[in-house]
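A quick write-up on the structure given underneath.
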Amino acid sequence: MFIPAPQKPIRVKPRFLTLARISTHAGICLWAVCYFYQAFTGALPGDPVQALLDFTGIGALNLLLISLVVSVLSQHLKFSQLMRFRRTFGVYAAVYGLLHLSTFIAFELQFEWALVAKEIVSRPYILLGFTGLLLLLALLVTSINSIKKRMGPSWQKLHNWVYLALILVNVHFIWSTKSIDLQAIIYASLSTIVLLSKRKKIIRIFK
Ligand code: HEM
């Protein structure tokens, strides 16, 4: 880790934490609302459907990466309060993933359900994205406190699938570009760093 670990655990005032959480929710929601508004009013340059697919896809990946980085930082900096943000970012990663799928179904395939099914089974990169999204949705549903409590230790086992989701989504991204794309390589490199920083935990999962 490039940041030196502090001697004492970090703690901030609950009031500051609440403000930070409200700003995070507002920022992530407004970001999507403004972008969709611009797409619907023709304010975006180029093809609005492609722009929405790119925005929601990259947005979901950014949020998923941030949720994992937050957990690494929280442990390294002994800043346990940060873990509350992990769930927030993880939940929004799934929500942006759903917006991405909805954009694809509504604007690219015009709700032709037979075509949607055909795309998922016949195009491997779509199947990978779909599997990644199913995993994120399973994590989203089980992040509800009452379900988490009822699941007991199997909750952690299920939530370890987030690393597989990250890998699937990166392969989906690289494959979707159909050529060597710098942005996809940067995301794959960042994801590899995150996975390497969690290597002890990942090795334990597979033992
Ligand atoms: C059912 C699920 C999914 C479907 C049908 C789907 C579909 C697509 C499509 C059609 C594209 C555009 C390819 C092109 O430009 O020609 C794309 C790109 C992308 N998707 Fe997905 N996707 C799914 C799930 C996901 C998930 C869960 C994530 C992230 C968490 C994701 C992240 C991305 C990214 C980062 C791109 C590249 C955007 C860019 O080129 O700027 N996708 N996806």
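Order of listing sets the numbers, starting from 1, for every ligand and every atom in it.
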request  = Scan I66, V91, V162 and name whichever one has a side chain to side chain contact (heavy atoms under 4.5 Å, CB included) with R86.
outcome  = V162
Heavy atom of the protein closest to atom 38 (C) of ligand 1 (residue, atom name, distance) = D54 OD1, 3.6 Å
query = Looking only at protein heavy atoms, which one is nearest to atom 29 (C) of ligand 1, and how far off is it?
reply = V169 CG1, 3.2 Å
message = side chain to side chain donor-acceptor pair (under 3.5 Å), that's the test. Do N160 and R204 meet it? Break it down for me.
response = CA-CA 11 Å; N160 288 338; R204 245 185 287 131; over 6 Å; no
message = Can you check which of A93, A51, G132, G57 brings a heavy atom nearest to atom 32 (C) of ligand 1?
response = G57
task = State, to the nearest 10 degrees, the angle whose vertex is atom 21 (Fe) of ligand 1 and whose arms point to NE2 of H100 and NE2 of H172.
result = 180°
note = In this structure, atom 36 (C) of ligand 1 is nearest to the protein heavy atom F173 CD1, 4.0 Å
Residue and atom name of the nearest protein heavy atom (relative to atom 16 (O) of ligand 1), distance in Å to one decimal = K178 NZ, 3.6 Å
ask   = So is L64 close enough to ligand 1, meaning a heavy atom under 4.0 angstrom away?
value = no
key: Any L137 side-chain heavy atom under 4.5 Å of L98 side chain   = yes
ask   = Among protein heavy atoms, which lies nearest atom 5 (C) of ligand 1, and at what distance?
value = F104 CD2, 3.4 Å
ask   = How does F130 reach ligand 1, by side chain, by backbone, by both or by neither, if only non-hydrogen atoms under 4.0 Å count?
value = both
request  = Scan L135, L136, L134 and name whichever one has a side chain to side chain contact (heavy atoms under 4.5 Å, CB included) with L168.
outcome  = L135
ask   = Are any of the heavy atoms in Y125 under 4.0 Å away from ligand 1?
value = yes
inquiry  = Does any part of the side chain of V169, heavy atoms only, come nearer than 4.5 Å to the side chain of L133, both counted from C-beta?
reply    = no
ask   = Can you list the ligand 1 atoms lying under 4.0 Å from a non-hydrogen atom of L101?
value = 1 (C), 5 (C)
key: Distance from atom 12 (C) of ligand 1 to nearest protein heavy atom, with residue and atom   = L53 CD1, 4.1 Å
With sequence neighbours excluded, residues passing ring-ring contact (aromatic ring centres under 6.0 Å, His included) with H100 = none
key: Beyond-backbone contact of V121 with L127, side-chain heavy atoms, under 4.5 angstrom   = no
note = atom 3 (C) of ligand 1: of G129, A60, S102, the nearest heavy atom sits on G129
ask   = Under 6.0 Å between ring centres, would you say that holds for Y92 and W31?
value = no
request  = Mark the output for Q50 as yes if a heavy-atom distance to ligand 1 is under 4.0 Å, and as no if none is.
outcome  = yes
ask   = So do the side chains of I105 and W113 get within less than 4.5 Å of each other, counting heavy atoms only?
value = yes
